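Labels below follow one simple rule: chain letters A, B, ... track the order of the sequence lines, proteins then strands, and each chain is numbered from 1. Source: prediction; values computed, not measured.
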Amino acid sequence: MDLLENIKKLKGIEADKDFTERSRSLILSAGREQNRFSFWQLVFKNLEIGTTLALAGLLILMILGGFSAWKILAPLQLSSLDQASLRAEAQAIDIQIKLAGLNYEEAARAIKSSESTPPTAQRQTRVVGKKQGSEISEKTNNEAVSPMKADVTTTTTTTPTTSSPSTAISIDEALKRLSN
Amino acid sequence: MLDGEEKLIKRAIRGEASAFGSLYDYYQPKIYRFVLIKVSRREEAEDLTHQVFLSAWQNIESYKNLGFPFSSWLYRIARNQIVDHYRTRKNEISLEGADPEYFVATTSLQIDTAEKMEVARVRSAIQKLKPEYQDVIIMRFVEDIPVRETAIALEKSEGAIKLLQHRAIKELRKLLT
């Protein structure tokens, strides 16, 4: 038989049908690697990247700008945080505390002095008290016994033996006297 | 060449799987035969054929700028796949010890047993030739591919192809006598 005829008979070789169908469906469903983009795909892709960057920049600006805006708006909304006024208020509180403490101490001394005053002083008192009856002594005693009833803003003397009537004075006056 | 092949190729490049499916249906038997005659084992031939068309489908965009026939491009891919296959192959099976019936990959050959045996003998002889002789015999005499397309596929001139086929037939006759 002619060699070429025998070679041509090899053309009858065929692949298995199952393999052919399986291979075909696998290949066509495998998809293609998109190495290149169409023009519009490139445009949209660049738009997407640009939009993302723009939003990120805007967010950063908002965060940084928020701090400066806070400072601008703060005086309007947080006036109570003004440090000068806070200091004045704090000082006023201190004054009041000192005055209250001072009144208490004076009253305490008054009580002690009434207990430890010499007889002459006490007799004088009594003598005075005798004439007028018990009103004055009661008055004296009342003043000695109830120191806390004294007005917070009033005191004018430091001597324990005598008690003067309470007078209202201003905070500034009190400050002056304390500083003196 | 397939009728309307250019349009099919353009559609396939655009991503139409059905277009590539038509190309597959036409060229798959040719490539399968080419690979089977060279590697001799049906399983290997199926794997390699599958790889050839998978690679072609996934890289079909690179074809449009080449300027030569689609069949030549497929045969180039097939040759490269076979070369890579032999590089990675660890054990080689001797053809002498193998069952000749195993190499008759199909029973679709409508010939009698004696002719089948003769064809198997020719096929065994082809496998003993140098790779470029094998290529030119299969493409020129089995598949009837024109000289120009064969030259492009084998990356040789048309004159070189004519010379190669002459030498290949001569060598084959020597092996069969």
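What you find for Ala30(A) and Gln58(B) is that their closest heavy atoms are CB-NE2, 4.3 Å. In terms of heavy-atom proximity, Asp25(B) sits nearest to Arg24(A) at OD1-NE, 2.7 Å.
Here the side chains of Leu172(B) and Ile7(A) are in contact, with some heavy-atom distance below 4.5 Å. Counting heavy atoms from C-beta on, the side chains of Val122(B) and Lys9(A) never come closer than 4.5 Å. Side-chain contact between Ile126(B) and Leu10(A): present, with at least one pair of heavy atoms (C-beta onward) separated by less than 4.5 Å. Looking only at side-chain heavy atoms (C-beta outward), Phe19(A) and Glu43(B) stay at 4.5 Å or farther from each other. No side-chain heavy atom of Leu26(A) sits under 4.5 Å from any side-chain heavy atom of Leu54(B).
A salt bridge links Asp144(B) with Lys8(A): the closest approach of a Lys/Arg side-chain nitrogen to an acidic carboxylate oxygen falls below 4.0 angstrom.
Within a 6.0 Å radius of CZ in Arg167(B), no more than 12 heavy atoms belonging to other residues, nucleotides or ligands are found. Heavy atoms of other residues, nucleotides or ligands lying less than 6.0 angstrom from CD of Glu173(A) number more than 12.
Between atom CD of residue Glu16(B) and atom CG of residue Leu28(A) there is a gap of 12.0 Å, rounded to the nearest 0.5 Å. In this structure, CZ on Arg33(B) lies 7.5 Å from CD1 on Ile13(A), to the nearest 0.5 angstrom. With values rounded to the nearest 0.5 angstrom, Ile27(A) atom CD1 is found 8.5 Å from Gln51(B) atom CD.
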Please step through salt bridge (charged side-chain N to carboxylate O under 4.0 Å, His left out) for the pair Asp16(A) and Arg42(B), ending with a clear verdict. CA-CA 9 Å; Asp16(A) 183 48; Arg42(B) 185 170 54 209; over 6 Å; no
Evaluation steps, side chain to side chain contact (heavy atoms under 4.5 Å, CB included), between Asn6(A) and Leu176(B): CA-CA 11 Å; Asn6(A) 284 332; Leu176(B) 289 169; over 6 Å; no
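Glu46(B) touches chain A through backbone and side chain together, each having a heavy atom under 4.5 Å away. With a 4.5 angstrom heavy-atom cutoff, Ser25(A) does not touch chain B via any of its atoms. Neither the backbone nor the side chain of Arg121(B) comes within contact range of chain A; no heavy atoms are under 4.5 Å apart.
Hydrophobic clustering (side-chain heavy atoms under 4.5 Å, transitive across Ile, Leu, Val, Met, Phe, Trp, Tyr) keeps Phe141(B) apart from Leu163(B).
The residue among Gly21(B), Ala125(B), Pro29(B), Ser18(B) with the most heavy atom pairs within less than 4.5 Å of chain A is Gly21(B).
Between the side chains of Tyr24(B) and Ser23(A), a donor-acceptor pair is found at a separation under 3.5 Å.
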